[in-house]
Amino acid sequence: MTKVMTTKEAISQFVNDNDFLFIGGYVCRPPFAAIHEIIRQGKKNLTITRSNAADDFDMLIGAGLVRRFIGTFLSLGVYGLGRCFRRSIEKGIPHKIEVEEYTNLSLPMMLMAGSFGMPFVPVRDMVGTDLMNIKSFMGENKFKLIDSPFDGKPTLLVPALNPDVAIIHVQQADKFGNAQMWGIGGDCKVGANAAKKVIVSCERIVDRDVIGKDPSRTIVPSFKVVAVVEEPFGAHPGYTPGFYDTDFGFGYQYQQASNTVEGFHAFLKEWVYDIPDRKAYTQHYIQKFGYGPFKKLEAAFDYSFPVSYAY
Amino acid sequence: MTKVMTTKEAISQFVNDNDFLFIGGYVCRPPFAAIHEIIRQGKKNLTITRSNAADDFDMLIGAGLVRRFIGTFLSLGVYGLGRCFRRSIEKGIPHKIEVEEYTNLSLPMMLMAGSFGMPFVPVRDMVGTDLMNIKSFMGENKFKLIDSPFDGKPTLLVPALNPDVAIIHVQQADKFGNAQMWGIGGDCKVGANAAKKVIVSCERIVDRDVIGKDPSRTIVPSFKVVAVVEEPFGAHPGYTPGFYDTDFGFGYQYQQASNTVEGFHAFLKEWVYDIPDRKAYTQHYIQKFGYGPFKKLEAAFDYSFPVSYAY
Amino acid sequence: MSAHPNGYIKPELMACCGAREIKNHHVVIVGTGFPAMSANIAKHTHAPDAILMQESGVVDARPKRPALSVGDPCLNPGAAMVGNLLDIMGMFLQAGWVDVGFLSGSQVDKFGNINTTAIGDYEHPKTRLPGSGGANPIGSLAKKTLIIALHDKRRLAERVDFITTPGYIDGNGARERWGLPANTGPECIITNKAILRFDKTTGEACLESYHPGHSIDEIRENTPWDLKILENVHETEPPTERELEVIRKILDPHRMISIYEKRGYV
Amino acid sequence: MSAHPNGYIKPELMACCGAREIKNHHVVIVGTGFPAMSANIAKHTHAPDAILMQESGVVDARPKRPALSVGDPCLNPGAAMVGNLLDIMGMFLQAGWVDVGFLSGSQVDKFGNINTTAIGDYEHPKTRLPGSGGANPIGSLAKKTLIIALHDKRRLAERVDFITTPGYIDGNGARERWGLPANTGPECIITNKAILRFDKTTGEACLESYHPGHSIDEIRENTPWDLKILENVHETEPPTERELEVIRKILDPHRMISIYEKRGYV
C-alpha cells in the first residue's frame with residue numbers, strides 16, 4: 001500500500017492546528033520542504049521540539065505559527081542568534097512563545113523514553129542549575145527529583161515525550177515508508193519513533209528491494225509512517241550527506257533578512273509564500289543564483305564499500 | 001596505537017577470575033573463538049550475561065567456570081533445552097549456578113542503562129509474575145516497584161548493568177578497535193558499550209580508512225576497546241552475516257554430545273582442550289568433515305548498494 | 001496421515017486458527033514454527049499488509065528458507081529493517097505498536113499464565129526450562145497474545161507452577177492493578193482440540209470452538225479446570241482450500257509442519 | 001598584527017593553553033573554533049591518541065575543511081563513528097567516558113557557572129541567548145571542563161544572571177550535594193589575559209598565570225570578584241614554535257582564527 005504523496009498533501013492531511021511536532025535535523029537533513037509547506041498552510045498553535053534547533057525553527061516562530069517550544073537551544077550557528085526567536089521572547093513579535101528548556105542530553109533522552117514506551121527516564125544533567133528553577137507549560141511535570149530507590153542518591157527524572165507527528169528528511173525510503181539514513185543522526189531516530197505518526201521526506205524513493213539490500217540502515221519502519229514524499233534538495237539550505245552540501249551563503253542571507261521584521265517577511269514572501277513547492281523553490285534558486293552555484297552544492301562522488309547480508 | 005593481538009593474549013590479559021562478562025551474539029555472531037579460549041584458560045567464578053543465551057553459555061556452565069548468570073533464557077534452539085544448564089540447576093553438575101532471571105526486554109534495557117550512564121531504567125514487563133518473587137544474588141536490588149512520581153502509577157525500575165568486560169564478534173574492525181557490524185544486532189551494542197573494557201573479535205581487520213568510508217556502521221569506538229583479534233570463522237557454529245551460515249549439523253552434534261557428562265567432556269576435549277586456537281579448530285573441522293561441508297557454510301555473494309557520505 | 005475432511009492435519013488447522021486472528025495491517029511478533037506459519041498464512045490471504053517482526057531485531061523479513069530461530073541467517077537479507085533487540089522489544093513492543101504475539105509454554109493455566117521457567121519447585125526443579133526470553137514482555141505488552149498449547153492435563157493447568165509470562169494473573173482486573181497497559185493480554189488458547197477464548201472480565205479461558213472430530217465432553221475431560229462454555233460455541237472452521245494451498249505450495253512445500261504431529265498435535 | 005614575541009596572536013596563545021590541558025588518550029568533546037583548534041593542536045603535538053568527538057554523533061572525524069558547526073557535512077566522511085546525539089551525550093558523556101569538554105558563554109562567574117540562556121531577567125530578558133544545547137551536560141559530566149572567556153567585567157561575573165551550565169554552583173561541595181558525578185567540573189577559565197584555575201575545595205577560579213604583556217594588577221582590575229592569586233602564579237608560556245607551526249601550516253592555513261581578534265580576543 002503506497003503512502004507516496006506530495007508534501008502539500010502530507011501536511012494538509014496529517015498536520016493539524018495545535019499539534020505537537022517533532023521536526024528532525026541537526027544542520028544535517030532539516031525537512032525544509034515540509035517546513036515551508038507548514039508555513040504556507042498556516043498551521044497554528046504548534047508545539048515544536050528538537051534538540052539544537054536552528055533556522056527552520058526560527059522561521060516557524062517568526063511566521064507566528066508556534067505557541068510552545070520544548071527545546072534546548074536555538075541559534076543560527078555561525079551567523080549568531082536566531083532573530084525571530086529573540087524578537088518573540090524579547091519583544092513579543094509576532095507573539096511571545098512559551099519555552100520549556102532542556103538540554104542536548106535530557107531532551108533526546110525524553111524522546112528516547114517516548115520511543116521506547118518508558119514513562120520517564122533518569123538523567124544526570126540539569127541539577128543545580130536554573131534549568132530546574134524555570135518551569136513553563138509543563139509545570140511540575142517538567143521533571144521530578146527523587147531519591148533513588150536503589151541507593152538513595154538524588155536522581156533527576158524527566159518525562160517521556162510523544163509528539164503527534166514527526167517530520168524527518170532522509171536519504172531514501174520506499175513507498176511503504178521504510179526510511180533509511182546515514183551520517184550524522186542528531187535525535188532523528190528517537191524523535192521519529194516517539195511520534196504517533198511519521199511523515200518521511202526523502203531525497204529519493206527506492207524500491208523495497210533496495211531497502212532489503214541493507215536493512216540495518218533503516219531507522220523507521222513502514223508501519224509508523226503515514227506519508228512518504230520524494231523531495232530532492234528538500235533539506236536546503238541544510239545538507240544531506242551524499243547529496244549536497246550546506247549552503248552557507250543562503251544561511252547568511254536568511255540571517256541578514258531576518259534581522260528586521262520587514263526583511264523576514266520579504267524573505268518568506270520570496271522563498272515560501274510565492275513558491276508553490278520544492279521544485280519551484282529549486283527553480284527559483286537556480287534562476288536567482290545561477291546553475292553554477294546550485295551545481296556546486298552537489299556532493300562529490302565517494303562511495304562506501306558494499307557489504308553483504310547473505311548466508 | 002594498535003590493539004591487535006591473539007585471542008589467547010586478549011583473554012589472558014583482560015579476563016580475570018571473578019569477572020562479570022557480557023558475551024555478545026544472538027545465534028548471530030557469538031564470539032566462540034574467545035569462549036573456547038576462556039575454557040582453555042580455565043577462568044573461574046565468572047558472572048555472565050546476555051539476552052537469549054545459547055550453546056556458548058551452556059558450554060561455559062558445563063565447563064564449570066560460571067558462578068552466576070544474569071539471564072533471560074538459555075536453550076539450544078531447535079535442539080531443545082541446554083543440557084549443561086539443566087544438569088547444573090537440576091543436579092548440581094558440575095555445580096549449581098546462581099541465576100538472576102530477567103526478560104528479553106528488561107535485560108537489554110538494563111544494559112542500555114549501563115551503556116548510557118543511567119542508574120536504573122523503568123520497564124513495563126515482569127510485573128504480576130513470579131519473576132518478581134524470585135531474587136537471587138542481586139537481592140532487593142533486582143528491581144524496585146515504585147509509584148511513578150509523575151502520575152502515581154506502579155512502575156518497575158530495574159538497575160543498570162556494567163560488566164567488567166564485553167566480548168563481541170563483528171564483521172570488521174580496525175586495529176584501534178573501531179568495530180563495525182551489520183545484520184541482526186541482539187543486545188550487542190548496548191552490552192558492549194555498558195562494559196568497562198571491550199574485546200573485539202572480528203572476521204577481518206580493515207584499514208581505518210575503510211571504517212571511515214561508512215562510519216554509521218560502527219557500534220563501538222576505539223577508546224572503549226582493549227583488544228582486537230582477527231578470527232575468521234570465529235563465530236562458528238553460529239553465523240556472521242555476509243561471511244558464513246549457521247552450522248546446524250554441528251549444533252546437533254553439540255546437543256547429542258552434551259546429553260551426557262561424558263559426551264560433553266569428550267566434545268570439549270576434541271574441540272577445545274586439544275585445540276590451541278581457531279586456526280587449528282578450523283583445520284580440525286575440515287579434516288573431520290571435509291572441505292566440501294566447510295565451503296558450503298560460506299556465504300553467497302550478494303552485496304548491498306554503496307552509499308556516499310560526501311558533501 | 002489424516003482422517004480429516006479436506007485432508008488437513010491438525011497442525012495445519014491450528015496454524016489457520018492463528019492466522020484468522022490477524023487482521024490486515026496488524027504488526028505481529030513471531031517466533032518460528034506455528035507462529036511464523038500462522039502469520040504468513042494471514043499475509044497470503046486476508047492480511048497482505050500485516051507486518052511480521054522477530055525479537056532479534058528484524059522487521060518484514062523475506063526468508064528464502066524457513067527460519068529455524070528468530071536469529072536465523074535467512075532473516076537478514078531482504079528485510080525492511082534489521083536492528084537490535086531493543087528496537088523490537090523496546091521501540092515497538094513496549095511502546096505499544098505490536099498488535100499480535102504468539103506464545104507457547106510447557107504449562108498454560110486457565111488465566112493464560114504461562115510457565116517456561118521450571119516444572120516443580122523453582123529452587124529444586126524437576127525440569128529446568130529455558131526461562132522467559134521474549135515471552136514475558138510479549139505477554140505483558142502485545143495487544144493480543146495467542147497461546148498455542150497441547151490439550152491435555154499436563155500442559156493445561158488450573159495454576160502453572162511458575163508464572164513466567166502474565167496472562168490475566170489471578171483474573172478480575174489483576175493486569176490493570178499491576179500496571180500492565182490497558183487493552184493487552186491473551187486473546188485465546190489454540191490447542192489441538194479447541195479454541196479457548198478469554199473472557200476479558202474474569203480473565204478465564206472458555207470454550208469457543210471444538211475442532212472437527214472433537215466433542216465438548218472430550219475437551220472438558222482433558223481440561224484441568226471447570227471449563228466454561230461460551231454461548232456461541234461451535235465447531236472450528238476447517239482450513240479452506242486457499243489456506244491449505246498457501247501452506248503447501250508457498251510456505252511449506254517440504255511439509256515440515258508435520259513434525260508437530262510427532263509432538264502430539266493430533 | 002601582534003606585538004607578542006614569536007609573532008603569535010592572542011587567540012593562538014589561548015588555543016595552545018587549551019591544548020596543554022589535553023593528555024594523550026583523552027576523549028575530548030569539541031565544538032567549533034577554539035575548542036577544535038585546541039584539541040587538534042594537542043593531537044598534533046603531545047596527545048596523538050586523543051579522540052575528538054562532536055555531540056551531533058561524530059567520533060574521530062577527519063574533516064578536510066574547518067567545521068563551521070558540530071553538524072557540519074565535513075565531519076561525516078572519514079570519521080571512525082557517526083551515530084546520533086545520544087551516542088555522544090548518553091553513551092559516552094553521561095556514561096563517564098569524556099575527559100575534556102570546552103565551553104564558553106555570554107557570562108561566566110567565579111564558580112565557573114555559565115549563562116547561555118538570557119541576559120537580565122529570564123521572563124523579560126534584555127537579550128535572549130540560545131539556551132543550553134550541549135553545554136549543561138558537558139559542564140555536568142565531563143571530567144575536566146575548560147571555559148573560554150573574554151576577560152572583562154561584562155563577561156566575567158560575581159554571579160551569572162542565569163546558571164545554564166553548572167560550574168561549582170555556589171562552591172564548597174555543591175556539585176556533590178546535587179548528585180553530580182565525582183571528579184567532574186570546570187578545570188580552568190582560559191581568557192585573553194590569563195588562566196584562572198579552579199580551587200576544587202572552594203570552587204573558586206583563582207589566578208594561575210597571566211599572559212605575556214598582562215599584569216596581575218590589570219587582571220584583578222578586570223575581574224569582578226576578589227580574585228585569589230595562586231602561590232605558584234607565573235607568566236603563561238607562549239606558544240612554542242611547534243605549536244605555531246601546527247596551527248599555521250596544518251590546521252588553519254587561512255588564518256581563520258584571526259576572526260577572534262575582531263571579537264575582542266586581544
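Hydrogens, waters and symmetry mates are skipped; everything else that's a heavy atom, side chains included, is used.
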Engineer: Give the member of D:G139, D:P137, D:P73 that has the highest number of heavy-atom pairs under 4.5 Å with chain A.
Structural biologist: D:P73
Engineer: Would you mind telling me which of D:G134, D:G57, D:G179 has the largest number of heavy-atom pairs within less than 4.5 Å of chain A?
Structural biologist: D:G134
Engineer: Hey, are the side chains of D:M89 and A:D125 touching, using non-hydrogen atoms and a 4.5 Å cut-off?
Structural biologist: no
Engineer: Hey, what do you get for CG (D:L75) to SG (A:C28), rounding to the nearest 0.5 Å?
Structural biologist: 10.0 Å
Engineer: Could you give the distance from NZ (A:K189) to CG (D:D87), rounded to the nearest 0.5 Å?
Structural biologist: 9.5 Å
Engineer: Is it the side chain or the backbone of A:V123 that comes within 4.5 Å of chain D heavy atoms, both, or neither?
Structural biologist: both
Engineer: Please lay out, stage by stage, how D:L180 and A:R124 fare under the test side-chain contact (heavy atoms from CB on, under 4.5 Å).
Structural biologist: CA-CA 7 Å; D:L180 286 168; A:R124 291 193 190 271; 5.9 Å; no
Engineer: What part of A:I184 lies closer than 4.5 angstrom to a heavy atom of chain D: side chain, backbone, both or neither?
Structural biologist: both
Engineer: Can you give the donor-acceptor pairs under 3.5 Å from side chains of residues 145-157 of chain A to other protein atoms, not counting sequence neighbours?
Structural biologist:
| unit_1 | atom_1 | unit_2 | atom_2 | d |
| --- | --- | --- | --- | --- |
| A:S148 | OG | A:F150 | N | 3.0 |
| A:S148 | OG | A:D151 | N | 3.3 |
| A:S148 | OG | A:D151 | OD1 | 3.3 |
| A:D151 | OD1 | A:K153 | N | 3.0 |
| A:T155 | OG1 | A:K153 | O | 2.9 |

Engineer: Can you confirm whether more than 12 heavy atoms, excluding those of A:K135, are under 6.0 Å from its NZ atom?
Structural biologist: yes
Engineer: Is there a side-chain contact between D:N136 and A:L105 (heavy atoms, below 4.5 Å)?
Structural biologist: no
Engineer: Answer yes or no: are there more than 12 heavy-atom neighbours, outside A:F137 itself, under 6.0 Å from its atom CZ?
Structural biologist: yes
Engineer: Identify which part of A:K96 has an atom lying under 4.5 Å from any heavy atom of chain D, answering side chain, backbone, both or neither.
Structural biologist: side chain
Engineer: Under 4.5 Å from any heavy atom of chain D, what part of A:M181 do you find: side chain, backbone, both or neither?
Structural biologist: neither
Engineer: Which atoms of A:P108 come close to chain D, meaning under 4.5 Å heavy atom to heavy atom: side chain ones, backbone ones, both, or neither?
Structural biologist: both
Engineer: Using ring-ring contact (aromatic ring centres under 6.0 Å, His included) as the criterion, list what pairs up with A:F57, not counting sequence neighbours.
Structural biologist: A:F69
Engineer: Considering all heavy atoms of both residues, which atom of D:K126 and which atom of A:R86 are nearest to each other, and what is their separation?
Structural biologist: O-NH2, 4.4 Å
Engineer: Side chain, backbone, both or neither: which part of D:S69 has an atom under 4.5 Å from a heavy atom of chain A?
Structural biologist: side chain
Engineer: Between A:V127 and D:S140, is any pair of side-chain heavy atoms under 4.5 Å apart?
Structural biologist: no
Engineer: Under 4.5 Å heavy-atom distance to chain A, tell me which part of D:L141 shows up: side chain, backbone, both or neither.
Structural biologist: side chain
Engineer: Kindly indicate whether the side chain of D:T127, heavy atoms from C-beta on, has any atom under 4.5 Å from the side chain of A:L81.
Structural biologist: yes
Engineer: Let me confirm one number: the OH-CG distance from A:Y26 to D:N84, rounded to the nearest 0.5 Å.
Structural biologist: 11.5 Å
Engineer: Given a strict heavy-atom distance threshold of 4.5 Å, which part of D:T117 is in contact with chain A: side chain, backbone, both, or neither?
Structural biologist: side chain
Engineer: Over all heavy atoms of both residues, which pair between D:V82 and A:G183 is shortest? Give the atoms and the distance, please.
Structural biologist: CG1-C, 3.2 Å
Engineer: Is it the backbone or the side chain of D:D72 that comes under 4.5 Å from a heavy atom of chain A, or both, or neither?
Structural biologist: both
Engineer: Look at atom NZ of A:K296 and say whether more than 12 heavy atoms of other residues, nucleotides or ligands are closer to it than 6.0 Å.
Structural biologist: no
Engineer: Please identify, among A:T103, A:V78, A:V99, the residue contributing the most non-hydrogen atom pairs under 4.5 Å to chain D.
Structural biologist: A:T103
Engineer: Test side-chain contact (heavy atoms from CB on, under 4.5 Å) on A:F248 and D:L68 and set out the steps.
Structural biologist: CA-CA 9 Å; A:F248 291 103; D:L68 294 181; 3.5 Å; yes
Engineer: Measuring heavy-atom distances to chain D, does A:D187 have an atom under 4.5 Å in its side chain, in its backbone, in both, or in neither?
Structural biologist: both
Engineer: How about D:N183: does its CG atom have over 12 heavy atoms from other parts shown lying under 6.0 Å from it?
Structural biologist: no
Engineer: May I ask you to name which of D:A118, D:P125, D:G120 has the most heavy-atom pairs under 4.5 Å with chain A?
Structural biologist: D:P125
Engineer: Would you mind checking which part of D:V70 comes under 4.5 Å of any heavy atom in chain A, side chain (CB onward), backbone (N, CA, C, O), both or neither?
Structural biologist: both
Engineer: Measuring heavy-atom distances to chain A, does D:F162 have an atom under 4.5 Å in its side chain, in its backbone, in both, or in neither?
Structural biologist: both
Engineer: So which atom in D:L129 and which in A:F85 form the shortest heavy-atom distance, rounded to 0.1 Å?
Structural biologist: O-CE2, 3.7 Å
Engineer: Picking from A:N104, A:I89, A:L74, which has the most non-hydrogen pairs under 4.5 angstrom with chain D?
Structural biologist: A:N104
Engineer: Check each atom of A:Y239 against the heavy atoms of chain D and say whether the ones under 4.5 Å are side chain, backbone, both or neither.
Structural biologist: side chain
Engineer: So which of A:D302, A:I134, A:T246 has the biggest tally of heavy-atom pairs under 4.5 Å with chain D?
Structural biologist: A:I134
Engineer: Could you look at D:R175 and say if it's the side chain, the backbone, both or neither that has a heavy atom under 4.5 Å from chain A?
Structural biologist: neither
Engineer: Just wondering, are more than 12 heavy atoms of other shown residues or ligands nearer than 6.0 Å to CZ in D:R154?
Structural biologist: no
Engineer: Below 4.5 Å, heavy atoms only, C-beta onward: do D:S132 and A:L131 meet side chain to side chain?
Structural biologist: yes
